[in-house]
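Okay, so here's the structure we're looking at.
Reminder, nothing fancy here: chain letters follow the sequence lines and each chain counts from 1. Keep in mind it's a predicted model, so treat the numbers as computed, not measured.
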Protein chains: 2
Amino acid sequence: MTGDRHRSGGRRGRAQADAAGTGGRKVDYHNLSNPFPPVGVFTDDRVMAMHETALRVLEDLGMKVLLPQARDLYRAGGALVDEDTEMVRIGRDMVAAALSTAPKSITLRAGRREKDVVLELGTLVIQPGAGAPHATDRIKGRRPGSLEDFHDFTRLTQCYDVFQILGPSVEPQDVAPQLRHYETTAAFLTLSDKVPFLYSRGPAQVADGFEMIRLARGLTPEQFAAEPHAFTIINTNSPRMLDIPMAQGLIDFARAGQVSVVTPFCLMGAMAPVTVAGAVTLSHAEALASIVLTQLARPGAPVCYGSFTSNVDMKSGAPAFGTPEHVKANLAVGQLARLVGLPWRSATGAAGVANDAQAAHETQMGAWGAVLAGATLLIHGAGWIEGGLTVSFEKFITDLEAMQVFAELCAPTPCTDADIAFEALQEVAPGGHFFGAAHTMERYSTAFYEPVVADWSNIGAWQERGAMDADERATGVWQKALRGYAPPQTNTDNIAAMHAFIAARIDAGGAPPES
Amino acid sequence: MTGDRHRSGGRRGRAQADAAGTGGRKVDYHNLSNPFPPVGVFTDDRVMAMHETALRVLEDLGMKVLLPQARDLYRAGGALVDEDTEMVRIGRDMVAAALSTAPKSITLRAGRREKDVVLELGTLVIQPGAGAPHATDRIKGRRPGSLEDFHDFTRLTQCYDVFQILGPSVEPQDVAPQLRHYETTAAFLTLSDKVPFLYSRGPAQVADGFEMIRLARGLTPEQFAAEPHAFTIINTNSPRMLDIPMAQGLIDFARAGQVSVVTPFCLMGAMAPVTVAGAVTLSHAEALASIVLTQLARPGAPVCYGSFTSNVDMKSGAPAFGTPEHVKANLAVGQLARLVGLPWRSATGAAGVANDAQAAHETQMGAWGAVLAGATLLIHGAGWIEGGLTVSFEKFITDLEAMQVFAELCAPTPCTDADIAFEALQEVAPGGHFFGAAHTMERYSTAFYEPVVADWSNIGAWQERGAMDADERATGVWQKALRGYAPPQTNTDNIAAMHAFIAARIDAGGAPPES
């Protein structure tokens with residue numbers, strides 16, 4: 001795309017097309033550059049006013065930080081800490097120092113170099129819907145998330161290049177809490193070669209996760225520490241609170257050289273002011289406080305700015321997504337993110353219960369908000385419904401189609417003289433058609449995106465095939481993808497070492513989550 | 001929104017919120033300014049190469065023009081005309097002359113001044129899905145379009161401010177062709193006070209339409225001629241052909257001072273080259289040729305540039321919409337439109353048969369393409385399915401929601417110091433909530449967009465209400481809107497005069513369409 005001021009074309013090499021969907025086309029869905037010039041909602045001076053207010057919040061009001069170790073770090077860094085109230089007041093000099101040491105570009109290492117992910121302003125990385133207690137599909141219905149569901153979502157994520165990183169799709173509630181992280185991390189490392197996610201549920205679980213990755217990837221401790229191999233999401237407890245596992249996660253990931261994605265979850269009217277400007281200002285203050293902690297723990301530690309800001313239904317308090325306020329918040333956060341200069345995370349989402357027109361509109365609206373905001377990480381890109389209570393296998397597929405369209409929009413559009421096609425225009429007579437033109441014949445097999453689930457047939461053919469809507473057709477698509485799934489190549493010895501580590505840890509009782 | 005180079009806020013006054021959907025909020029969905037800086041797909045030099053190629057197509061290859069009167073006008077204007085082949089070759093000087101006389105801003109007069117519509121680069125005007133042979137809804141199913149359907153779609157369009165102009169939703173196949181335009185135009189003029197559309201199906205029907213508008217609006221012939229009161233869509237017969245009724249329409253509308261919206265329908269790989277660049281170049285050439293004819297017929301005649309360019313499924317030839325190629329074509333056309341400088345029309349669309357996630361994604365992708373391209377007119381904004389063979393009452397409603405979100409994005413976002421809300425951030429303790437904060441209480445009733453059909457309730461409440469998806473819920477929404485519909489105030493004498501004219505014309509046999 002070209003914008004009013006800057007333009008960007010495709011970047012880096014072109015990978016193989018994924019098996020399920022793109023036919024003979026060679027498209028690189030892994031390395032995406034956002035083609036759109038960033039759009040904002042506020043004038044530059046109001047963005048500065050929001051930033052100044054966020055700094056004032058940190059200086060005058062402060063954050064409540066529940067973890068003593070974190071308060072110690074803040075204090076040592078120059079913050080004013082009141083141990084009785086656990087309030088930490090952070091000066092703007094500390095914020096400036098943190099932003100000067102946090103890296104502007106982060107390369108996350110995957111199981112194969114081709115699956116590495118670059119996080120910086122301008123890149124676009126998409127994660128499927130994550131963090132849901134429930135899974136649903138048309139075969140088995142809605143149920144508590146299970147390890148089998150977690151495996152299947154991990155396999156599906158592996159199948160589609162447009163999802164460049166792994167996410168904790170659903171909570172495997174059939175695994176005991178103190179053992180769950182072994183199963184989820186092992187699933188990521190054996191069923192996929194993409195960049196793994198780790199939950200921050202206390203230092204023991206985090207350390208287990210790091211060690212499993214180190215072993216499975218065959219890295220020395222020094223090699224592991226030298227580069228980011230994992231990421232976590234850190235949600236503040238808005239407003240203005242950082243709880244124990246989240247603060248601990250920021251410290252532990254920073255010290256290990258791994259990536260924290262700082263994400264205040266600020267629902268306007270609930271845990272944040274009812275205005276876009278107010279909610280985003282609060283989110284910004286909390287994100288800055290969290291980034292400061294990472295840099296106090298280890299200057300130069302990789303950290304992403306982020307926000308998840310939408311509104312609630314003021315009648316019921318229910319969260320809403322894909323609303324005008326959600327889109328505007330995404331765009332406003334992008335303005336602050338560019339001020340900060342770090343790679344950053346946004347998200348889409350859907351409040352709808354069904355995989356229907358509502359949920360599709362919600363997910364796509366939120367996604368456009370994130371993409372036009374210039375987000376580096378687009379989270380919950382596929383499958384998320386019920387405001388995140390459930391991930392749907394069918395919606396994973398129907399949203400996948402939308403994400404692949406975004407990926408196609410990232411690719412340059414041919415415009416040589418041959419593409420402009422004067423000769424073809426000359427060849428075809430007025431009122432004729434181009435089906436048989438040489439220009440068409442040379443290009444038709446790879447000219448267009450081929451859909452994964454969209455059905456373009458006429459109503460007669462559609463009815464003959466059972467009059468199935470997109471949700472119904474999606475069942476066959478994910479089933480076929482799972483049947484065709486092939487695990488990535490892994491090093492048998494490394495994986496065995498990881499399993500031996502897990503066995504020893506389980507023998508020792510595992511590691512319960514901390515909260 | 002603010003962009004990298006320009007920004008635009010809201011414009012003009014704020015009208016009453018429409019009855020069905022926006023609650024206590026005062027939002028002006030009628031006067032929309034596109035808030036997004038335009039985005040393109042090609043570099044400026046390649047846009048110029050496409051423009052140059054289009055000029056070369058017109059100069060060297062020419063257009064086949066079936067109407068002798070049009071060929072006479074082209075010849076008199078300096079074109080090289082071959083009467084045997086009906087080919088007309090148009091020089092770039094003629095194109096430049098036409099673009100210098102065509103107005104850059106057009107005000108279309110409605111039945112009330114508040115419903116007038118300004119067409120110029122930067123405004124955003126949305127028309128619901130139009131031109132379909134069939135209608136469908138969940139009650140009566142899919143059927144040939146009827147006058148009753150046409151009436152109902154006209155009433156629904158009147159109900160929602162976000163649709164600023166009327167469209168020929170479905171073809172009322174239960175009315176004889178020679179009488180149909182009386183019924184459709186009378187419906188527009190009695191059931192709505194928005195700007196009416198007229199088909200170009202021969203001079204007799206066009207003249208009838210003009211006279212009906214003149215009488216219903218109580219205008220003298222001079223008053224009618226002095227300002228635009230109606231618009232038509234002119235589809236070229238791509239590639240490079242202008243048929244008799246279309247050429248006649250361009251001439252008749254231009255001479256009457258009414259608006260032609262020039263719209264080559266260029267499906268890549270079918271009636272246009274398989275490349276985005278080639279298809280858009282062909283569309284551009286045909287649009288320029290048509291604009292030239294309007295200015296030869298009457299210099300200064302109001303005319304819109306336009307294009308409807310998407311791709312086909314190369315396996316079946318079926319048209320596709322909301323594809324990456326459709327979005328890219330919309331953006332590319334926008335680049336050429338800005339070169340031309342005229343108000344211009346783009347469109348969204350859906351190939352899907354059902355009102356499901358597929359069709360929602362398609363309509364929203366195409367709509368984003370049109371909006372980011374800076375289109376003045378966004379056509380087929382609601383209800384269009386099956387590639388335009390059917391307009392769905394339910395999809396009219398689910399798409400309406402998306403269009404209203406676009407309209408909300410056009411409105412400025414409050415960002416005063418009070419909106420940034422330092423005091424509210426101070427008032428609410430860490431870990432608390434903003435539900436009861438003074439800042440929230442002052443704003444909550446109007447802070448957020450209230451959905452028309454989206455359901456944000458949790459799965460329990462949703463199941464208790466019948467577990468209806470958005471398509472099912474939409475039935476109740478359009479039924480309620482029709483029940484609440486109130487016809488606009490009209491002048492009884494004027495409407496009687498229009499009906500007397502119709503009666504006389506019907507006595508005389510009506511006016512059969514020409515093709």
Side-chain angles (χ1 to χ4, degrees), chain A residues 1-2 4-5 37 39-42 46 50 53 57 64 237 239-241 273-278 281 311 313-314 318 320 324-325 328 351 353-354 356-358 360-361 364 368 398 402 405 408 413 415 419-422 424-425 428 430-431 440 443-444 447-449 454 456 459 462 469-470, chain B residues 1-2 4-5 37 39-42 46 50 53 57 64 237 239-241 273-278 281 311 313-314 318 320 324-325 328 351 353-354 356-358 360-361 364 368 398 402 405 408 413 415 419-422 424-425 428 430-431 440 443-444 447-449 454 456 459 462 469-470:
Chain A
M1 312 282 146
T2 58
D4 271 357
R5 202 174 72 186
V39 176
V41 278
F42 297 127
R46 297 317 293 165
M50 293 164 67
T53 304
V57 165
K64 184 168 185 169
N237 293 63
R240 293 195 288 124
M241 191 158 80
V274 75
T275 51
V276 172
T281 298
N311 60 306
D313 179 354
M314 288 309 293
E325 294 77 24
K328 287 178 168 190
V353 172
D356 61 359
Q358 173 190 336
H361 279 304
Q364 199 177 140
W368 275 103
T398 53
V405 173
E408 292 278 341
T413 309
C415 197
D419 296 307
I420 295 177
F422 181 82
L425 296 173
V428 177
T440 306
R443 290 168 175 81
Y444 80 93
F448 303 139
Y449 170 74
W456 297 339
I459 190 167
W462 179 79
D469 68 18
Chain B
M1 312 284 145
T2 58
D4 272 357
R5 203 175 71 188
V39 175
V41 277
F42 298 128
R46 298 316 296 166
M50 293 165 65
T53 304
V57 165
K64 184 167 185 170
N237 294 63
R240 292 195 289 125
M241 191 158 80
V274 75
T275 50
V276 172
T281 299
N311 60 305
D313 179 354
M314 289 308 295
E325 294 75 26
K328 288 178 168 192
V353 171
D356 61 359
Q358 174 190 336
H361 278 305
Q364 198 177 139
W368 275 103
T398 53
V405 173
E408 292 279 341
T413 308
C415 197
D419 297 308
I420 295 178
F422 180 82
L425 295 173
V428 177
T440 307
R443 291 167 175 81
Y444 80 93
F448 304 139
Y449 171 73
W456 296 339
I459 190 167
W462 179 78
D469 69 17

request  = Please name all residues satisfying side-chain contact (heavy atoms from CB on, under 4.5 Å) with A/A320, sequence neighbours left out, ordered by chain then number.
outcome  = A/N311, A/T323, B/W456
request  = Kindly determine whether A/D313 and B/F448 satisfy side-chain contact (heavy atoms from CB on, under 4.5 Å), including the steps that lead there.
outcome  = CA-CA 8 Å; A/D313 179 354; B/F448 304 139; over 6 Å; no
query = CD1/B/I420 to OG1/A/T281 distance, rounded to the nearest 0.5 angstrom?
reply = 5.0 Å
request  = Side chain from CB out, backbone as N, CA, C, O: work out which of these in A/V276 comes under 4.5 Å of a heavy atom of chain B, or both, or neither.
outcome  = side chain
ask   = Would a 4.5 Å heavy-atom cut-off, applied to side chains only, mark B/L425 and A/P273 as touching?
value = yes
query = Which one, A/A318, A/G431, A/A351, leads in non-hydrogen pairs under 4.5 Å with chain B?
reply = A/G431
ask   = Can B/V405 and A/H361 be said to form a side-chain contact (heavy atoms from CB on, under 4.5 Å), step by step?
value = CA-CA 10 Å; B/V405 173; A/H361 279 304; over 6 Å; no
key: Region of A/E325 that comes under 4.5 Å of a non-hydrogen atom in chain B   = side chain
inquiry  = For A/T398, give me all partners under side chain to side chain donor-acceptor pair (under 3.5 Å), at least two apart in sequence or on another chain.
reply    = A/N355
message = With a 3.5 Å distance limit and no angle check, can you tell me whether A/R240 reaches the backbone of B/V428 through a side-chain donor-acceptor pair?
response = yes
request  = Spell out, as yes or no, whether a donor-acceptor pair under 3.5 Å connects the side chain of B/Q358 to the backbone of A/A454.
outcome  = no
key: B/D419 portion near chain A, given a 4.5 angstrom heavy-atom threshold   = both
query = So, the side chain of B/D469 versus the backbone of A/A354: is there a donor-acceptor pair under 3.5 Å, distance only?
reply = no
